[in-house]
Visitor: 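This is the structure, below, for whatever I ask next.
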Amino acid sequence: MIKDQILQTLQASLKSQSGKLNLEGANGNVPRLNIERPRQADHGDYAVNVSPLAKVARMAPPQIAAIVAEGFAQAGWTPNIIGGFLNFSVGEPQLIDALTRIAMQDKPGRNESMKDIRCLLEFVSANPTGPLHIGHGRWVALGDSLGRIFRHCDAQVTHEFYINDAGSQMFNIANSIWYRALEILGTGAKFPTPEEGKPFPFYPGDYVIEMAQEFIQTHREALFQWDNPAHVAPKEAIEAISDYAKESMLAQQRQLMETCRLTFDVWYSEKSLHAAGRVVDVIEKLKARGVTYEKDGALWFASTQFGDDQDRVLVKSDGSYTYLTADIAYHEDKYARNDGFYNLLINIWGADHHGYIPRMKAAMAALGHNPDQLEIVLGQLVNLLIEGERTRMGKRKKMLTLQELVDEVGVDALRFWMVSKSQDTTLDFNVDLAASASDENPVFYVQYAHARCASIVRNAFQPRFDTVDKKELPPLLTEAQWDSFLGSLTPDAMATLFASLENDPAKAALRELILKMDGFEDRVEEAARLRSPHIIARYTQDLAADFHRFYNVCRILVADPQTTMMRLVIIYALKRVFGQALDLLGVSAPDKM
RNA sequence: GCCUCAGUAGCUCAGUUGGAUAGAGCAACCGCCUUCUAAGCGGUGGGUCACAGGUUCGAAUCCUGUCUGGGGUACCA
């Protein structure tokens with residue numbers, strides 16, 4: 001990247017000028033300087049602000065700038081100094097060099113910033129007790145994009161879905177199906193009705209009725225046998241129904257994830273932890289480490305010793321385990337998996353689980369693991385905006401499922417929308433807008449840019465029609481010409497590119513395009529480092545704007561084949577960058593729109 | 001009460017460790033299609049960066065306090 005060249009020269013300059021700048025006395029407390037893009041385009045392409053050195057150097061920023069600039073002069077750069085800023089204008093040879101690299105490199109934006117990372121990325125993880133809702137859509141988009149970005153930074157990433165198939169919620173769904181089934185079979189049993197102020201351990205959704213109907217088809221006789229005067233489900237009925245419910249919901253969830261272009265490498269069952277005795281084991285381990293105690297008939301984990309604000313129950317007074325206990329066993333397994341293969345464990349959780357973080361970290365610390373290895377990426381929740389009204393997730397009957405939303409707006413719009421904003425902010429999902437006015441969705445703007453590029457490349461090889469002479473003309477280029485041109489693409493061959501541009505707006509737009517494409521790698525790194533895919537979404541919109549601007553001031557397909565080919569390299573490079581960036585977001589890059 | 005996320009243009013949001021005149025999309029208004037996709041481009045209007053102090057040569061950004069909104073604060077999962 002061009003930026004790296006400037007950075008290297010900057011470091012060399014600071015080193016050679018360190019005497020004049022009094023940097024030696026600072027004992028390594030020299031503030032780090034950054035290369036940035038100036039706000040004002042006429043200042044230059046890149047800038048370094050040396051003001052942070054003012055304190056150490058005990059000099060005014062303009063004076064420092066002059067001294068640092070001397071070091072640059074030695075390397076052939078002549079920065080334009082304004083105040084404490086060194087402004088750099090990138091020369092055409094460097095731009096052409098950068099463009100060539102982007103056009104030729106295997107995968108644009110690819111880097112090795114996370115090459116030592118082996119990440120277990122867990123997200124979505126839901127109960128198999130009902131359909132996934134819109135809120136899950138955010139974790140789908142966020143988690144999968146993050147994984148793709150990490151991989152682009154050369155990390156090894158495993159996508160994992162934790163199936164919460166144990167515990168009381170499974171009993172509740174089974175019991176709900178039981179009553180629905182008995183209702184349908186006309187046994188006289190009735191599905192319970194909620195009472196004000198009382199817990200309602202049943203699932204009222206219509207999908208439960210459908211599941212009951214389906215279950216009846218295979219278990220009609222069994223249901224009659226299980227039924228009894230009190231209509232209380234026997235244990236074997238609950239087991240059979242909850243197994244069925246799990247398989248059925250899980251199949252549905254897997255199908256939906258596939259639709260969303262998301263592949264989980266591992267589907268990890270909570271129930272399997274219990275079955276393998278892992279939950280009992282972890283309790284024994286905690287006991288052995290002396291971090292548990294008994295109180296009020298329950299077994300407690302002294303998590304306050306590890307920074308939590310209160311102790312937590314592991315085994316309830318009725319002898320059953322809390323959710324936390326199984327979750328501790330699960331997370332311990334992550335540390336141990338493949339002989340401690342993973343060095344970064346990331347969980348994506350909704351903000352409603354925020355308070356859960358300290359206890360999980362406490363548990364890992366208590367078990368002797370490094371809690372910093374476990375990183376929770378917290379996402380704020382999604383609000384539904386229906387008919388202009390804010391609807392809190394899950395508190396209304398009119399809850400939109402993720403499947404319904406995908407059917408309505410499509411995977412591309414869903415995924416782009418869900419990652420186009422920082423996960424730190426509550427997302428208002430405007431259902432009416434997403435469903436109706438699709439051109440207000442920025443994803444189409446970006447996809448259109450890709451399609452336009454594809455179209456230009458396509459047209460270059462197709463016969464044209466002369467509207468004046470009313471006759472067909474041969475294609476501007478042949479595939480063979482283009483292949484050999486790309487194959488021998490060198491900065492020298494490209495040197496006439498800028499010269500071929502007739503006007504200044506086109507040159508300015510081209511500079512901007514190349515610099516922005518050159519910066520893609522930087523954005524990918526940043527998105528990975530900050531765990532913020534929205535940076536990529538932003539980037540695609542920025543680049544699309546620059547491309548559309550360029551498109552309007554510079555014609556690509558012109559009569560001269562050489563000029564056409566050189567300009568086509570830009571479009572070719574852009575198409576690759578758009579395609580790659582959209583892929584990192586899990587959004588399709590259509591060739592036609 | 002405590003913990004946490006947020007408050008930036010009419011709306012939805014960017015703004016990387018504090019730096020140059022605070023940006024984008026949408027909405028509004030005015031222009032641009034006989035040649036590569038007008039799902040596009042150019043232009044105009046629109047700001048007390050919630051508020052008040054503080055630190056600093058310099059604050060949307062850091063600190064303190066206040067206000068507003070979301071989430072959490074279980075022997076639920």
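All of these numbers come straight from a predicted model, not from anything done at the bench. We name chains A, B, ... by the order of the sequence lines, and we start the count at 1 in each one.
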Visitor: Do A:S532 side-chain atoms and A:I535 backbone N/O form a donor-acceptor pair below 3.5 Å?
Guide: no
Visitor: Rounded to the Å, how far apart are A:E36 CD and B:A20 C1'?
Guide: 9 Å
Visitor: Got A:L476 and A:V558 here, is their nearest side-chain heavy-atom distance under 4.5 Å?
Guide: no
Visitor: Using a cut-off of 4.0 Å on non-hydrogen atoms, how would the nucleic acid contact of A:D591 be classed: base, sugar-phosphate, or nothing?
Guide: base
Visitor: Output the single nucleotide from B:A20, B:A14, B:U37 whose closest atom is nearest the side chain of A:I82.
Guide: B:A20
Visitor: Can you tell me the Watson-Crick or wobble partner of B:U56, both distances under 3.5 angstrom?
Guide: none
Visitor: Taking only the C1' atom of each, what is the distance from B:C3 to B:G46 in whole angstrom?
Guide: 38 Å
Visitor: The side chain of A:H354 lies closest to which of these nucleotides: B:A39, B:U4, B:C13?
Guide: B:U4
Visitor: Just call it for A:A54: base, sugar-phosphate, or nothing, with non-hydrogen atoms closer than 4.0 Å on any strand.
Guide: nothing
Visitor: Tell me the interatomic distance from A:F416, atom CZ, to B:C13, atom C1', rounded to whole angstroms.
Guide: 12 Å
Visitor: Taking atom types as modelled and ignoring hydrogens, do the side chains of A:Q447 and A:D412 form a donor-acceptor contact shorter than 3.5 angstrom?
Guide: yes
Visitor: Counting Watson-Crick and G-U wobble pairs only, both distances under 3.5 Å, name the nucleotide matched with B:A6, or none.
Guide: B:U68
Visitor: When the C1' atoms of B:U16 and B:A22 are considered, how many whole Å apart are they?
Guide: 16 Å
Visitor: Using the P atom as the reference point in each nucleotide, state the distance between B:G19 and B:C2 in Å, no decimals.
Guide: 31 Å
Visitor: Please work out if A:P52 contacts a base, only the sugar-phosphate, or nothing of the nucleic acid, heavy-atom cut-off 4.0 Å.
Guide: base
Visitor: Measure from the side chain of A:M593, starting at C-beta and using heavy atoms only, and say which of B:U37, B:G70, B:C36 lies closest.
Guide: B:U37
Visitor: Could you give the CG-to-C1' distance, from A:D542 to B:A24, as a whole number of Å?
Guide: 7 Å
Visitor: Rounded to whole angstrom units, what separation is found between the OH atom of A:Y448 and the P atom of B:G40?
Guide: 7 Å
Visitor: State the pairing partner of B:U12; accept Watson-Crick or G-U wobble contacts with both distances under 3.5 Å, and report none otherwise.
Guide: B:A24
Visitor: Between atom NZ in A:K516 and atom P in B:G23, what is the gap in whole Å?
Guide: 13 Å
Visitor: Between A:D424 and A:K421, which residue's closest nucleotide on RNA chain B lies nearer the 5′ terminus?
Guide: A:D424
Visitor: With a 3.5 angstrom cut-off on both distances, give the Watson-Crick or G-U wobble partner of B:C76, or none if there isn't one.
Guide: none
Visitor: P atom, B:A52 versus B:C67: distance in rounded Å?
Guide: 15 Å
Visitor: Both A:N87 and A:R555 contact RNA chain B. Which one's nearest nucleotide lies toward the 5' end?
Guide: A:N87
Visitor: Measure all distances between protein nitrogen or oxygen atoms and nitrogen or oxygen atoms of nucleotides 74-77 of chain B, and list the pairs falling under 3.5 Å.
Guide:
| unit_1 | atom_1 | unit_2 | atom_2 | d |
| --- | --- | --- | --- | --- |
| B:C75 | O2 | A:S317 | N | 2.7 |
| B:C75 | O2 | A:S317 | OG | 3.1 |
| B:C75 | N3 | A:S317 | OG | 3.3 |
| B:C75 | N4 | A:D296 | O | 3.2 |
| B:C76 | OP2 | A:K316 | NZ | 2.7 |
| B:A77 | OP1 | A:K316 | NZ | 3.2 |
| B:A77 | OP2 | A:Y323 | N | 3.2 |
| B:A77 | O2' | A:N127 | OD1 | 3.2 |
| B:A77 | O2' | A:N127 | ND2 | 3.4 |
| B:A77 | N1 | A:H353 | NE2 | 3.3 |

Visitor: Output the single nucleotide from B:U37, B:A20, B:A14 whose closest atom is nearest the side chain of A:F85.
Guide: B:A20
Visitor: Verify, without hydrogens or angle tests, whether A:N127 (side chain) and A:T129 (backbone) share a donor-acceptor contact under 3.5 angstrom.
Guide: no
Visitor: Taking atom P in both B:U55 and B:U8, compute the distance separating them and give it to the nearest angstrom.
Guide: 27 Å
Visitor: Go ahead and name the base partner of B:G45; Watson-Crick or wobble counts if both distances stay under 3.5 Å, otherwise write none.
Guide: none
Visitor: What's the gap between B:G10 and B:C62 when it is taken at their P atoms, as a whole Å value?
Guide: 24 Å
Visitor: Considering residues at least two apart in sequence or located in another chain, which fulfil the ring-ring contact (aromatic ring centres under 6.0 Å, His included) criterion with A:F85?
Guide: none
Visitor: Atom CG of A:N383 to atom P of B:U12: distance rounded to whole Å?
Guide: 12 Å
Visitor: Of the non-hydrogen atoms in A:M565 and A:W482, which two are nearest, and what is the gap between them?
Guide: O-CZ3, 3.5 Å
Visitor: Quick one: which of B:U16, B:C36, B:A24 gets closest to the side chain of A:R538?
Guide: B:A24
Visitor: Between B:C63 and B:G45, how far apart are the two P atoms, rounded to whole Å?
Guide: 36 Å
Visitor: Is there a donor-acceptor pair closer than 3.5 Å between any side-chain N or O of A:S176 and the backbone N or O of A:N172?
Guide: yes
Visitor: Would you say A:L250 and A:W267 make side-chain contact, with heavy atoms under 4.5 Å?
Guide: yes
Visitor: Would you say A:N347 and A:Y162 are linked by a side-chain donor-acceptor pair, where the criterion is simply a distance under 3.5 Å?
Guide: no
Visitor: Listing time: all N or O pairs from protein to nucleotides 41-47 of chain B that are below 3.5 Å?
Guide:
| unit_1 | atom_1 | unit_2 | atom_2 | d |
| --- | --- | --- | --- | --- |
| B:C41 | OP1 | A:Y445 | OH | 2.5 |
| B:C41 | O4' | A:N552 | ND2 | 3.0 |
| B:G42 | OP1 | A:R549 | NE | 2.6 |

Visitor: B:U37, OP1 or OP2 - any side-chain N/O from A:S455 closer than 4.0 Å?
Guide: yes
Visitor: Where the side chain of A:S51 is concerned, which of B:C13, B:C36, B:G19 is the nearest nucleotide?
Guide: B:G19
Visitor: What is the separation between atom CD on A:Q541 and atom C1' on B:G40, rounded to the nearest whole Å?
Guide: 15 Å
Visitor: Where does B:C33 land, syn or anti, given syn is within 90° of 0?
Guide: syn
Visitor: A side-chain contact here means heavy atoms from C-beta on lying under 4.5 Å apart; do A:V443 and A:W417 qualify?
Guide: no
Visitor: Check for a donor-acceptor pair, side chain of A:T425 on one end and backbone N or O of A:Q380 on the other, with a separation under 3.5 Å.
Guide: no
Visitor: Between atom CD in A:Q423 and atom P in B:A6, what is the gap in whole Å?
Guide: 10 Å
Visitor: Just by modelled atom types, is the A:F547 backbone N or O under 3.5 Å from a matching donor or acceptor in the A:R452 side chain?
Guide: no
Visitor: Between A:R359 (side chain) and A:L324 (backbone), is there a donor-acceptor pair under 3.5 Å?
Guide: no
Visitor: For B:A27 and B:G65, measure between their P atoms and round to the nearest Å.
Guide: 43 Å
Visitor: Between B:G70 and A:Q380, counting only base atoms on the nucleotide and side-chain atoms on the residue, is there a donor-acceptor pair under 3.5 Å?
Guide: yes
